[in-house]
Amino acid sequence: MRVALRRHIRGAVPMPVFFFDVRSSRGLEADQSGLDLASAEVAYLEACKTIPDLTAELLSVGDNPRDYSFEIADEAGRVLWCIPFSEPFH
């Protein structure tokens with residue numbers, strides 16, 4: 001289980017934290033900080049918005065983006081979404 005240390009403003013409703021791990025042929029690169037987002041669906045959309053920039057970066061260094069995916073996990077470590085970097089282009 002991951003522990004996300006967050007300060008909560010008194011009276012505010014805390015938002016869930018989602019972790020955007022990157023899976024490649026080299027293994028898993030774990031996101032240690034996570035993002036506070038309203039829902040798992042918002043986390044999915046955030047990943048899809050990020051993928052084109054990461055794809056361009058990978059291509060610029062000669063890497064194949066099709067070998068990469070996001071694994072979005074909640075604070076309990078449950079993987080909620082597996083999003084191949086090729087998905088936003090379908």
Side-chain angles (χ1 to χ4, degrees):
M1 175 172 25
R2 297 183 183 166
V3 177
L5 300 176
R6 300 284 195 263
R7 284 192 224 177
H8 297 290
I9 299 170
R10 191 177 191 153
V13 177
M15 292 187 13
V17 179
F18 297 94
F19 296 89
F20 294 76
D21 301 331
V22 176
R23 168 95 42 205
S24 73
S25 58
R26 293 182 213 113
L28 186 71
E29 185 177 327
D31 173 6
Q32 298 300 319
S33 55
L35 290 176
D36 297 318
L37 297 168
S39 68
E41 290 78 12
V42 173
Y44 175 88
L45 294 173
E46 190 66 29
C48 288
K49 284 191 327 191
T50 304
I51 288 173
D53 289 338
L54 292 175
T55 295
E57 194 175 313
L58 290 167
L59 289 170
S60 75
V61 296
D63 222 339
N64 186 351
R66 292 187 183 274
D67 295 338
Y68 289 79
S69 63
F70 271 125
E71 292 184 3
I72 302 175
D74 63 12
E75 287 181 90
R78 292 180 299 242
V79 175
L80 307 173
W81 301 100
C82 293
I83 309 168
F85 278 23
S86 60
E87 184 162 323
F89 302 108
H90 287 158

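It should be emphasised that the depicted structure is a prediction, and the values quoted were computed from it without experimental measurement.
Side-chain heavy atoms closer than 4.5 Å link hydrophobic residues (I, L, V, M, F, W, Y) into clusters, and following such links, even through other members, never connects Val79 to Tyr44.
Under the rule for a side chain to side chain donor-acceptor pair (under 3.5 Å), the partners of Ser39 that lie at least two apart in sequence or sit in another chain are Glu41. For Asp67, there are no side chain to side chain donor-acceptor pair (under 3.5 Å) partners two or more places apart in sequence or in a different chain.
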Working note: Phe70 + Val22, criterion side-chain contact (heavy atoms from CB on, under 4.5 Å); need CA distance, chi angles, decisive distance, verdict.
CA-CA 5 Å; Phe70 271 125; Val22 176; 3.8 Å; yes

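With a 4.5 Å cut-off on side-chain heavy atoms, Phe19 and Glu75 count as touching. The closest side-chain heavy-atom distance from Leu54 to Tyr68 is not below 4.5 Å.
The nearest pair of heavy atoms linking Met15 to Ala38 is CE-N, 3.4 Å. When all heavy atoms of Ile83 and Ile72 are compared, the pair lying nearest together is CD1-CD1, 3.7 Å. The two atoms that bring Leu59 and Pro65 nearest to each other are CD2-CD, 3.6 Å, heavy atoms only. Smallest separation of non-hydrogen atoms from Phe18 and Ala40: CZ-N, 3.5 Å.
Taking CG of Asn64 as the reference point, atom CZ of Phe85 lies at 11.5 Å (rounded to 0.5 Å).
Panel note: side chain Asp36, backbone Val17; no donor-acceptor pair is recorded below 3.5 Å.
Sorted by first and then second residue, the salt bridge (charged side-chain N to carboxylate O under 4.0 Å, His left out) pairs with a member in residues 54-63 read Arg26-Asp63; sequence neighbours excluded.
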